[in-house]
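Note that the coordinates shown come from a computational prediction; the quantities given were computed from them, not determined experimentally.
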Amino acid sequence: MNRGILGYMMKKLMRYKLAILLMCVLIPSFIAVSLLNYYVQRDAIREELITTSLPLVRDLIDWEISTRLQDPLLASTLMARDTFLIDWILDGENDPSKIERYLDAIRLEHGFDTAFFVSAKTLRYYSYQGVHKEIDTGNAHDIWYYDFIDSGESVELDVDSDEVSAGTLTIFINYRVESSAGELLGVVGVGVEMSNIAALLQQTQKTYGRVVYMVDESGLVQAHSDMDIIEKRNIRTSFGIDRIADAILSSKVETLDTHYEGEHGDVLLTSRYIPDIKWYIIVEQDESLSLQIVRRMLLRTVAIGVLASILALIISIRVVNKYNQNLKDYSRLDHLTQVGNRLELDQRLQAEFANCQRSGGTLSILMIDLDNFKDINDTCGHGCGDEALINFTRLVSSCKRSTDSFGRWGGDEFLLVLPKTTGAEGVAIGNLLRSRVAVEDALSKFKVTISIGVAELREGDTLENLLSRTDKALYSAKEAGKDRVYLQA
């Protein structure tokens, strides 16, 4: 009794040891895979941000800003070539009300916030409200004019406060006005309030979670969602980005996709130079913000994985126990008819053959085939064919001796192994089966008949020879017209 209890406890302990071993393998493996997946996702997110997401936002803002500035650029170009404006200048700038109405009409027609003209001859600053002032080299607010003239450029964008509009921060599009002889006549242009561009950048930052801003060729911020840093912050002197500022400002032909170490971690960055306005558009993404989601997912995944592993272990132990039991049956039974399969028959044949070899007894084999079985499948369907096979095996199983072995050899062929039975006795048993099949209600409705080949083990026979002669006997029975028993000599 004590030995039985001890043995039972040992089995339980072995079972728990297996569970513990599986847990020691599964849980660390799952954690390792989760960590590997985290690093793969981290690299994938970084790659996606640098190559796809950030450039997409950059291109979107590039298109949006270019679209918004296209009309002001075009209007400034047309104004600089407008014969009315040139003729009015060459006629001595008489009647300022004409230029005032002209500038106001341009402003209202296109929805600009301001429109202006600065005369190279009189240095008067004309706005849509009239003559605003005369510019002076001593006025810091007028330096833009002299810098633009000295640059030799035809057009430029300049961010400055608009004195006409109470100091509103404005993007001015300045265009050089020249006579047909190339004489400098002045500078004309329009202005768009920076708040419009800042609102666009703010909306983009809110929608996509990216910081978007624009700098000029010197690195000075010209457009930003935070208007307080416009024309006050330069990327050459800003922490972190100052290390790659030269690379950004020298990339005028190709886009730049890079990163730098910011105050809170790695910052991914993409930039592009916009030739039309001579500004760089920069899009940034704090990598740590993107990875926060991945880190939370990692923790959730590990927690769920541990719980799932424990549950899987419990289920696995139950399933394995059940499977081991079923495996013993399924490995030797035909799945449809639940009689012995070919593997089971091979084992029984070898056992009976070895027994005959030792004892010198006799052995007969019946190979049974359902006649015209294909017609049942074709006419009534495979379901009826399966029913016929099942009913046939039930009939044979009820008739055979306990020492006999019966099973499905393949398809609609079955094998009945008869120990201690002569060939003549095998023929008698085969005819008995034929007669039983003929009157069996479950089979007669399908008009099932059977052909049987019989062979008796002879001296010097191998198992292969015996099976071969049995197969030939069945073939002879089929050739002779079916529904009969044939003994192979």
Partners meeting side-chain contact (heavy atoms from CB on, under 4.5 Å) with [X] (sequence neighbours left out):
X: R348; answer: E344, E352, S405
X: V267; answer: Y260, E284
X: D378; answer: K374
X: N377; answer: F373, H382

Result block: side-chain N/O donor-acceptor pairs under 3.5 angstrom for residues 190-203, not counting sequence neighbours:
{"residue": "E193", "atom": "OE1", "partner": "S195", "partner atom": "OG", "Å": "3.3"}
{"residue": "Q202", "atom": "NE2", "partner": "S225", "partner atom": "O", "Å": "2.8"}
{"residue": "Q203", "atom": "NE2", "partner": "T207", "partner atom": "OG1", "Å": "3.0"}

Non-neighbouring partners of [X] that pass side chain to side chain donor-acceptor pair (under 3.5 Å), sequence neighbours left out:
X: R394; value: none
X: D226; value: none
X: E100; value: none
X: D346; value: none

Could you tell me whether a side-chain N or O of Y280 sits under 3.5 Å from a main-chain N or O of L249, the two making a donor and an acceptor? yes

Can you tell me if N372 uses its side chain to pair, donor with acceptor, with the backbone of D375 under 3.5 Å? no

Give every residue pair that meets the salt bridge (Lys or Arg N to Asp or Glu O under 4.0 Å) criterion with at least one member in residues 110-132, sequence neighbours excluded. none

Provide the full list of salt bridge (Lys or Arg N to Asp or Glu O under 4.0 Å) pairs with a residue in residues 243-258, sequence neighbours left out, each pair given once. R58-D257, E217-K252, R236-D246

Which residues share a salt bridge (charged side-chain N to carboxylate O under 4.0 Å, His left out) with D412, sequence neighbours left out: none

Distance to the ring centre below 6.0 angstrom and angle to the axis at most 45 degrees; does that hold for R107 and F112? no

